[in-house]
*Asks:* 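A single structure is presented below for examination.
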Amino acid sequence: MANAAVTTLINRVVGNSISTLIDSTATDNYQHDVIYEIARGAFPGFLAQTDATFIALTRGTVEYSFPTGFRLPLMIVFDDTQLAHARFDEALNFSQDWRNTATKPIAYIQDPVDRDKFQLIPPSNYASAGVAGTPLAPPTPWPTEALAFIGTESNTGWAESCLVDTHLALAFEVIAREFSRDSDHKDSDLATLAKTFAGVFWQMSFAEGMDV
Amino acid sequence: MGTLAGNALIDELSRRLRDLTSTGYPRADILDIVNRTQRAINARLGLVHTSTAFSTGETPLYSVDAIATNIVRVVDVRDDDRPLQRVPWPQLVHQDPKWIRLRGTPEVWSPIGRTMIAVIPTPYITRSLTAVSIKMTSNLADAGAPLLDIPDDFKPILLDLAEAVLLVRAREFKMIEAALTRVLPALGMSVDMQNQRRGGDKAHG
């Protein structure tokens, strides 16, 4: 579901309310695309939607999927300790047989596994006691032997109140894509101008280093 | 707080756009762009801030939207008058790898993207902290109130930027370039305007 306010803004900026110029399905899709790209880190320095959730641990299980809706892990915490983000060769240095040595996880790796999965080094020899709630609204006491996953999200509704100032940037990013693709309303000059506006408004919304 | 109202700003922009009858640029459209450019300018320059009290819980992590819905970004967290130290989130692990369940008097805070902050350690008992934030400026109306949030002396920047955005509808590339050339240095930004002229200027040949 695209953000309706951004869709209205797109129509307003390009004059779509006066005569139909754009393909609303395409612009909704482009809106989703931009939000996905931000979530996966394709806009360097723009860290927008972040959230945290618990993942239940199964004894001896090495590989876990990212929680639904999460795109990039920023921090993964086991029990009370933040795990190191390691490389595959570092995992091998830890132990050639790390996948079969269940103890207390100290790190995680992503690189040799599917993009939406991670592996614990070593796998846990504990199972989670309970993972109700979220790290932002945790049960009391905080669940032991659980993984807390803190990462980026791609909520295509872009509904957070603290992101309203980014609507102009998002709208221009979509306009740039809509008018640069091959269509009966292709306008390369407008697309280039919109890309410039998008860059200006992204810079205005994401002051360097302030959000990351 | 400025003293200018939405109706006066719309009048002035309509005049700039040579559309006093609001035929090509309906007043509602101009108002929306003014509101949005005011927010973008405040996000960039941090002209207007807001302070919001929030209570700590059994967690170091807080949703910005749950603190208040008029926040662009949190810039400071205070415990009474004591400012907590801001730490980038990648450095939290270096402060203490067990930060997520550390208990005690809050000492540091960290923004984790736009939508979440961490406050560490987690207090043993509920405390009231204050988030100082860049304000998501309030919407103006096509009326004499409410008034502009940002100071009046930033009106030229606001109108130049709003004018540039509004001119996109008419594809007035040269006029957009002129407006952006006026406004971007004031925002501490620069843009290679040559990009705009690729393929010629449709509006003016």
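Every chain is numbered from 1, with letters handed out A, B, ... down the list of sequences.
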*Asks:* Measure the spacing between CD1 of B:Ile100 and CE of A:Met75 and express it to the nearest 0.5 Å.
*Replies:*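 Taking CD1 in B:Ile100 and CE in A:Met75, the distance rounds to 7.5 Å.
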
*Asks:* Against chain A, label B:Leu167 side chain, backbone, both or neither, depending on which of its atoms sit under 4.5 Å from a heavy atom there.
*Replies:*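 Answer is neither: B:Leu167 stays 4.5 Å or more from chain A.
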
*Asks:* Under 4.5 Å heavy-atom distance to chain B, tell me which part of A:Val77 shows up: side chain, backbone, both or neither.
*Replies:*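 Interface part for A:Val77: side chain.
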
*Asks:* Salt bridge or not between A:Asp189 and B:Arg171? Use side-chain N to carboxylate O under 4.0 Å.
*Replies:*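 Salt bridge: no.
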
*Asks:* Quick one: what part of B:Thr37 sits under 4.5 Å from any heavy atom of chain A, side chain, backbone, both or neither?
*Replies:*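 Both the backbone and the side chain of B:Thr37 come within 4.5 Å of chain A.
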
*Asks:* With side chain to side chain contact (heavy atoms under 4.5 Å, CB included) as the test, would you mind laying out the steps for B:Trp89 and A:Leu74 before giving the verdict?
*Replies:* CA-CA 9 Å; B:Trp89 67 262; A:Leu74 301 176; 3.7 Å; yes

*Asks:* Start with the C-alpha gap between A:Met204 and B:Met189, add the side-chain angles, then the distance that decides, and say whether side chain to side chain contact (heavy atoms under 4.5 Å, CB included) holds.
*Replies:* CA-CA 9 Å; A:Met204 291 177 74; B:Met189 301 163 72; 3.8 Å; yes

*Asks:* Go through it in stages, so that I can follow the logic: the residues are B:Asp32 and A:Arg12, the test is side chain to side chain contact (heavy atoms under 4.5 Å, CB included), and I'd like the CA-CA distance, side-chain angles, deciding distance and then a yes or no.
*Replies:* CA-CA 9 Å; B:Asp32 184 43; A:Arg12 199 159 256 163; 2.9 Å; yes

*Asks:* For each of A:Thr8, A:Ile175, A:Asp51, tally heavy-atom pairs with chain B at distances under 4.5 Å, and name the one with the top tally.
*Replies:*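 Of the candidates given, the most pairs with chain B belong to A:Asp51.
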
*Asks:* Is there side-chain contact between A:Leu136 and B:Tyr62, with at least one heavy-atom pair below 4.5 Å?
*Replies:*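 A side-chain contact under 4.5 Å is absent here.
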
*Asks:* Which one, B:Val168, B:Thr69, B:Asp65, leads in non-hydrogen pairs under 4.5 Å with chain A?
*Replies:*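 It is B:Asp65.
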
*Asks:* What distance separates A:Phe197 CZ from B:Leu180 CG, expressed to the nearest 0.5 Å?
*Replies:*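 With rounding to 0.5 Å, CZ (A:Phe197) is 4.5 Å from CG (B:Leu180).
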
*Asks:* Taking C-beta and beyond as the side chain, do B:Leu161 and A:Phe201 meet within less than 4.5 Å on heavy atoms?
*Replies:*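 Sidechains of A:Phe201 and B:Leu161: in contact.
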
*Asks:* Got A:Asp79 and B:Arg101 here, is their nearest side-chain heavy-atom distance under 4.5 Å?
*Replies:*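 In short, these two side chains touch, coming nearer than 4.5 Å.
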
*Asks:* Look at the side chain of B:Thr115 and the backbone N and O of A:Thr50, then say whether any donor-acceptor pair between them is shorter than 3.5 Å.
*Replies:*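 Checking the backbone N and O of A:Thr50 against the side chain of B:Thr115, a donor-acceptor pair under 3.5 Å is found.
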
*Asks:* Look at B:Ile71, B:Thr137, B:Val165 and state which one has the largest set of heavy-atom pairs under 4.5 Å with chain A.
*Replies:*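 Option with the top pair count is B:Val165.
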
*Asks:* Would you say the side chain of A:Thr166 lies within less than 4.5 Å of the side chain of B:Arg39, judging by non-hydrogen atoms?
*Replies:*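 SC-SC contact between B:Arg39 and A:Thr166 ruled out.
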
*Asks:* So which residue, B:Gln38, B:Lys98, B:Glu58, ends up with the most heavy-atom pairs under 4.5 Å with chain A?
*Replies:*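 Counting heavy-atom pairs under 4.5 Å, the top option is B:Lys98.
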
*Asks:* For the side chain of B:Arg114 and the backbone of A:Ser205, is there at least one donor-acceptor N/O pair under 3.5 Å apart?
*Replies:*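 Yes.
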
*Asks:* Show the nearest heavy-atom pair for residues A:Val164 and B:Met136, with the distance to one decimal.
*Replies:*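 Minimum heavy-atom separation between A:Val164 and B:Met136: N-CE, 3.8 Å.
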
*Asks:* Using the rule given for side chain to side chain contact (heavy atoms under 4.5 Å, CB included), can you reason through B:Ile33 versus A:Leu9, listing the C-alpha separation, both sets of side-chain angles and the distance that settles it, and then say yes or no?
*Replies:* CA-CA 8 Å; B:Ile33 300 303; A:Leu9 180 58; 3.6 Å; yes

*Asks:* Once you round to the nearest 0.5 Å, how far does CD of B:Glu172 lie from CG of A:Leu193?
*Replies:*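 Here the interatomic distance stands at 11.5 Å.
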
*Asks:* If you measure from OG1 on A:Thr81 to CH2 on B:Trp99, what distance do you get to the nearest 0.5 Å?
*Replies:*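 The OG1 atom of A:Thr81 sits 11.5 Å away from the CH2 atom of B:Trp99.
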
*Asks:* Checking B:Ala164 against chain A: side chain, backbone, both or neither under 4.5 Å from a heavy atom?
*Replies:*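 Answer is both: backbone and side chain atoms of B:Ala164 are under 4.5 Å from chain A.
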
*Asks:* Let me confirm one number: the CD1-SG distance from B:Ile67 to A:Cys162, rounded to the nearest 0.5 Å.
*Replies:*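 So the CD1 of B:Ile67 and the SG of A:Cys162 are separated by 9.5 Å.
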
